[in-house]
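Naming: A, B, ... by sequence-line order, numbering from 1 per chain. Predicted model only: the values in this text are computed from it and were never measured.
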Number of protein chains: 2
Amino acid sequence: MIYKESHTLILNNIARFIDLTELEKQKYLSLLTEIEVKKKEFLMQAGDITTYEYFITKGCLKVYTLDEDGVPHISMFAIEDFWTGDMASFMTKEPTRYFIKATEHSELLGISKANYELLFQEIPKFEKFYRILYQRSLVSYIRRSNHGISLTAEERYIEFKKKYPQIINRITQKDLAAYIGITPEFMSKIISKVNRM
Amino acid sequence: MIYKESHTLILNNIARFIDLTELEKQKYLSLLTEIEVKKKEFLMQAGDITTYEYFITKGCLKVYTLDEDGVPHISMFAIEDFWTGDMASFMTKEPTRYFIKATEHSELLGISKANYELLFQEIPKFEKFYRILYQRSLVSYIRRSNHGISLTAEERYIEFKKKYPQIINRITQKDLAAYIGITPEFMSKIISKVNRM
DNA sequence: GAAAAAAAATGAACTAGTTTAAGACTTTTA
DNA sequence: TAAAAGTCTTAAACTAGTTCATTTTTTTTC
């Protein structure tokens with residue numbers, strides 16, 4: 001069976017952890033919704049009740065909150081082959097505190113809460129898929145939460161550059177500052193210092 | 001069926017997400033190992049290959065790494081009814097970078113990697129249990145990694161105090177500083193300032 | 001392709017958090 | 001129960017990161 005590019009991408013992502021039969025693949029794909037988000041448009045805004053989780057097949061989005069002073073704090077950049085959404089809101093159906101905005105024209109596959117629950121009934125193997133997916137995300141967030149607390153901004157920048165070389169050239173320095181957790185001015189200083197080294 | 005206290009505690013923890021039959025409960029308990037760690041002793045040290053994940057039934061432990069300068073960074077305090085371990089090492093069988101040390105005499109239930117895998121075969125419902133457990137941990141680590149980057153030390157202290165009132169009185173100020181990500185001296189200033197307010 | 005808007009760079013004055021050092025208080029151990 | 005070891009406090013001098021203001025460079029829009 002030949003699938004379109006976006007479907008091949010998501011099936012390969014899933015095949016890292018579980019094997020699906022052709023029938024299961026087709027069933028799974030039938031539960032997904034295709035979504036397009038134009039540059040600068042929102043996939044989600046604070047206050048929304050987010051009933052979808054997303055897989056990015058093309059483009060780049062930033063996931064962020066605004067603090068009391070209206071300053072943005074970016075928690076992730078999501079590009080092709082990444083999963084994103086607000087899991088807390090997805091789980092509890094409470095309004096989200098996050099904004100997700102496309103920094104490039106983006107294409108996604110979304111799964112609704114209803115279909116996500118259905119998925120586990122129809123193809124129980126997906127419990128394993130999500131168990132492993134969450135387990136791995138957890139490992140990287142535990143590390144990031146320690147680094148946020150124990151590394152200097154310069155060290156966090158160097159880490160990010162090493163870990164996500166495919167992202168760093170697609171985002172603005174200002175957004176990178178909002179991810180690293182510093183002002184754009186200080187980000188500018190760090191970058192020119194690191195490049196001079 | 002009547003279970004001993006530690007078994008009741010772990011079964012109740014699991015019952016939050018999945019229902020087990022009596023037979024499944026007994027099967028599950030048979031896969032666990034009882035472990036005792038005396039105050040100041042280690043459950044795990046950097047370099048170990050950690051083939052167990054743990055549930056704490058009594059006591060308190062601190063999970064930390066040492067940086068290049070030998071400064072400890074605590075990533076969690078684990079008390080009764082918490083799960084702990086080094087998931088990265090448990091998953092990959094690579095040596096851990098963590099130390100886990102009891103700050104009180106502690107009692108744990110451990111599950112070996114082999115039994116963890118066996119568990120999914122024998123009682124597939126456990127995929128769901130771990131899927132939800134990891135999903136919820138993920139939500140709280142995502143929040144913590146953002147807070148580590150965007151809040152001041154004083155704000156992080158106030159958050160910790162609110163979120164873990166049952167822990168704050170059981171740990172030293174020095175360990176709290178290593179968790180918040182500041183020096184013990186600055187921790188001392190913050191506490192006396194916050195108490196004065 | 002010119003005008004407008006946004007991003008990046010630079011610098012000076014400021015604040016949050018560190019370092020070092022010393023003394024007081026508490027807990028552990030012999 | 002005394003001594004030793006570890007924890008907590010305070011303070012002065014320092015460094016990482018912020019704020020605010022201005023200029024230059026790049027990107028977007030019509």
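- Between the side chains of A:Ser188 and A:Glu185, no donor-acceptor pair of N or O atoms lies under 3.5 Å.
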With the criterion being N/O to N/O and under 3.5 Å, what pairs connect the protein with nucleotides 7-10 of chain D, and how long is each?
from	atom 1	to	atom 2	distance (Å)
D:dT7	OP2	B:Lys174	NZ	2.8
D:dC8	OP1	B:Gln173	N	3.1
D:dC8	OP2	B:Gln173	N	3.4
D:dC8	OP2	B:Lys174	N	3.0
D:dT9	OP2	B:Gln173	NE2	2.5
D:dT9	OP2	B:Ser188	OG	2.7
D:dT9	O5'	B:Ser188	OG	3.4

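- Residues passing the side chain to side chain donor-acceptor pair (under 3.5 Å) test with B:Glu41: none are found, sequence neighbours excluded.
- The environment of NZ in A:Lys128 is sparse: at most 12 heavy-atom neighbours from other residues, nucleotides or ligands sit within 6.0 Å.
- Among the heavy atoms of the strands lying under 4.0 Å from B:Thr152 are primed sugar atoms or P, OP1, OP2 only; no base atom is included.
- By the salt bridge (charged side-chain N to carboxylate O under 4.0 Å, His left out) test, B:Arg131 is found to be paired with A:Glu127, residues two or more places apart in sequence or in another chain being considered.
- Residues that satisfy the ring pair (Phe, Tyr, Trp, His ring centres under 6.0 Å) test with A:Tyr52, not counting sequence neighbours, are absent from this structure.
- Take B:Asp81 and apply the side chain to side chain donor-acceptor pair (under 3.5 Å) test, not counting sequence neighbours, and it matches B:Asn13.
- Residues B:Tyr3 and B:Met1 meet the side-chain proximity criterion, which asks for heavy atoms closer than 4.5 Å.
- Heavy atoms from other residues, nucleotides or ligands lying under 6.0 Å from CD of A:Glu22 number more than 12.
- With axes fitted over five pairs at each extremity, the angle between the ends of the helix from C:dG1-D:dC30 to C:dA30-D:dT1 is 60° (10° resolution).
- Of the residues in residues 36-45 of chain B, not one places a heavy atom less than 4.0 Å from an atom of DNA chain D.
- Inspection of the A:Ser89 and A:Thr50 side chains reveals an N or O donor paired with an N or O acceptor under 3.5 Å.
- Using a 4.5 Å heavy-atom threshold, the side chains of A:Met76 and A:Tyr64 count as separate.
- A:Glu159 has no carboxylate O lying under 4.0 Å from a charged side-chain N of A:Lys162, or vice versa, which leaves the two without a salt bridge.
- The side chain to side chain donor-acceptor pair (under 3.5 Å) test applied to B:Glu34 returns B:Lys4, not counting sequence neighbours.
- In summary, contact between chain B and DNA chain C, defined as any nucleotide atom under 4.0 Å from a heavy atom of the protein, begins and ends at C:dG17 to C:dT28 in the 5' to 3' direction.
- Within residues 58-72 of chain A, no residue approaches DNA chain D, by heavy-atom distance under 4.0 Å.
- For B:Ser145, there are no side chain to side chain donor-acceptor pair (under 3.5 Å) partners at least two apart in sequence or on another chain.
- The ring of A:Phe82 has its center no closer than 6.0 angstrom to the ring center of A:Phe77.
- For residues 136-167 of chain A, the set of pairs meeting the ring-ring contact (aromatic ring centres under 6.0 Å, His included) definition, not counting sequence neighbours, comprises A:Phe160-A:Tyr164, A:Phe160-A:Tyr179.
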